[in-house]
Amino acid sequence: MSEKARKLFDALDLNSDGVLTRVEVITALRSKGPTLAAQGDLPFWAVGDVDTSSALFDRANADGDDVLTFEEFEREVDRRFGW
Ligand SMILES: [Ca+2]
Ligand SMILES: [Ca+2]
């Protein structure tokens, strides 16, 4: 549901500018992923290596620009994370 997507988005938005870059997704999942997963805020499969995180970014990035908006992120995680 959207509340979990919001919480996760905010955790990954390292510079709090309201969008996620590829680097933020990769960096944040590496640094915070295990904690988020332990809290139930992220599926364990999503705590992956650089390639996994980068692929997640690409799948979510519907318009193919350089950033994920919350809408793009929410659509992807709500579909794939099964919460
Ligand atoms: Ca950001
Ligand atoms: Ca985008």
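Positions are given from 1, in the same order as the sequence printed here. Read the numbers this way: they start at 1 and go in the same order the structure lists the ligands and their atoms.
In this structure, the separation between CZ on F73 and CG on N61 is 12.5 Å, given to the nearest 0.5 Å. Rounding to the nearest 0.5 Å gives a distance of 8.0 Å between CZ of F9 and CD of E24. With rounding to the nearest 0.5 Å, the separation of CG in D13 from CZ in R6 is 8.5 Å.
Not a single donor-acceptor pair under 3.5 Å links the side chain of K4 to the backbone N or O of V77.
D65 contributes OD1 as its N, O or S atom closest to the Ca ion (ligand 2). Restricting D63 to its N/O/S atoms, the shortest distance to the Ca ion (ligand 2) is reached by OD1.
Within 6.0 Å of atom CZ in R59, more than 12 heavy atoms from other residues, nucleotides or ligands are found, so the atom counts as buried in its surroundings.
L29 pairs in a side chain to side chain contact (heavy atoms under 4.5 Å, CB included) with only one of the listed residues (V50, V47, L56, T52), which is L56.
Residue side and main chain included, D66 places no N/O/S atom under 3.0 Å of the Ca ion (ligand 2). Here N61 meets the criterion, with an N, O or S atom under 3.0 Å of the Ca ion (ligand 2).
Look at D58 and R22 and you find a salt bridge, because one of the NZ, NE, NH1 or NH2 atoms lies within 4.0 Å of a carboxylate O, short of that distance.
The side chain to side chain contact (heavy atoms under 4.5 Å, CB included) check on D66 picks up nothing, with sequence neighbours excluded.
Listed by chain and number, D13 OD1, N15 OD1, D17 OD1, V19 O, E24 OE1, E24 OE2 are the protein N/O/S atoms closer than 3.0 Å to the Ca ion (ligand 1), with waters left out.
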